[in-house]
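Quick notes on the structure that follows.
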Amino acid sequence: MYHPDIQQITLSGVLYALGDPVRLAVVRQLAAKGEQNCCDFDLAIARSTMSHHFKILRESGVILSRKSGTQHLNSLRQQELDELFPGLLAAVLQSADSANR
């Protein structure tokens, strides 16, 4: 699985990844609950579509995925994103939370 180095993460890539409602829901859940298995996300989409969304999040530098046995565990790269783009992730999450109330 490809994960960009911190120097390769771009603002446009992160914003693109966060601009989709499904991917934003994944990021919100990771921010709230921490590391999650792919199966822990209860989204009404096909498994192949879910894999596509995780790939975009991973390749944009938003999440880190690691394999543990047969599971793929995902975590938010919050520290790296906060170093690169201070306050961006918090603002996006806060805005998403406000919109869902």
Side-chain angles (χ1 to χ4, degrees):
M1 287 184 282
Y2 171 76
H3 295 90
D5 291 329
I6 193 168
Q7 304 92 327
Q8 298 171 310
I9 298 173
T10 64
L11 179 60
S12 60
V14 170
L15 291 175
Y16 172 76
L18 296 175
D20 181 88
V22 171
R23 293 191 293 266
L24 186 55
V26 169
V27 170
R28 288 178 67 216
Q29 184 169 329
L30 290 173
K33 297 182 179 181
E35 188 175 64
Q36 298 280 298
N37 184 328
C38 291
C39 299
D40 293 336
F41 296 88
D42 187 27
L43 300 170
I45 58 175
R47 183 173 236 164
S48 61
T49 304
M50 190 67 163
S51 294
H52 173 73
H53 286 300
F54 275 100
K55 179 181 177 185
I56 290 173
L57 288 167
R58 187 176 56 252
E59 291 183 355
S60 68
V62 175
I63 67 170
L64 183 67
S65 299
R66 67 180 181 90
K67 199 165 183 178
S68 178
T70 60
Q71 299 180 344
H72 286 98
L73 300 173
N74 303 282
S75 57
L76 196 55
R77 292 180 73 175
Q78 189 156 358
Q79 183 176 352
E80 292 101 328
L81 292 173
D82 287 343
E83 287 175 21
L84 287 171
F85 315 112
L88 175 68
L89 191 56
V92 169
L93 292 172
Q94 183 178 9
S95 177
D97 288 342
S98 296
N100 286 328
R101 288 184 191 161

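When reading the values below, keep in mind they use all heavy atoms of this one structure, side chains included, and skip hydrogens, waters and symmetry mates.
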List in chain and number order the residues that pass side chain to side chain donor-acceptor pair (under 3.5 Å) with His53, two or more places apart in sequence or in another chain; answer none if no residue qualifies. Arg23
Give the minimum heavy-atom separation between [X] and [Y], together with the two atoms involved.
X     : Y     : answer
Leu73 : Ser68 : CD1-CB, 3.8 Å
Val14 : Phe85 : CG2-CE1, 4.1 Å
Val62 : Leu76 : O-CD1, 3.5 Å
Gly13 : Ser60 : O-CB, 3.5 Å
Phe54 : Val26 : CE2-CG1, 3.8 Å
Asp40 : Gln29 : O-NE2, 3.1 Å

Interatomic spacing from [atom1] in [X] to [atom2] in [Y] - rounded to 0.5 Å:
X     : Y     : atom1 : atom2 : result
Ile6  : Gln79 : CD1   : CD    : 8.5 Å
Gln7  : Leu84 : CD    : CG    : 8.5 Å
Asn74 : Cys38 : CG    : SG    : 4.5 Å
Leu93 : Leu18 : CG    : CG    : 7.5 Å

Any side-chain heavy atom of Thr49 sitting closer than 4.5 Å to one from Val22?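 Side chain of Thr49 against side chain of Val22, heavy atoms only: no contact under 4.5 Å found.
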Does His72 reach the side chain of Asn37, with side-chain heavy atoms less than 4.5 Å apart? no
Considering only residues two or more places apart or on different chains, which pairs with a residue in [range] satisfy salt bridge (Lys or Arg N to Asp or Glu O under 4.0 Å)?
range          : result
residues 47-59 : none
residues 61-73 : Glu35-Arg66
residues 77-91 : Arg77-Glu80
residues 6-18  : none

Please tell me whether Met1 and Met50 are part of a single hydrophobic cluster in this structure, the criterion being side-chain heavy atoms less than 4.5 Å apart.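 No.
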Side-chain heavy atoms under 4.5 Å apart, restricted to Ile/Leu/Val/Met/Phe/Trp/Tyr: what other residues fall into the cluster of Tyr16, or is it alone?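 Same cluster as Tyr16: Ile56.
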Evaluation steps, side chain to side chain contact (heavy atoms under 4.5 Å, CB included), between Leu11 and Leu88: CA-CA 9 Å; Leu11 179 60; Leu88 175 68; 3.7 Å; yes
As a quick check of understanding, evaluate side chain to side chain contact (heavy atoms under 4.5 Å, CB included) for Ser65 and Ile63, giving each step before the final call. CA-CA 7 Å; Ser65 299; Ile63 67 170; 3.9 Å; yes
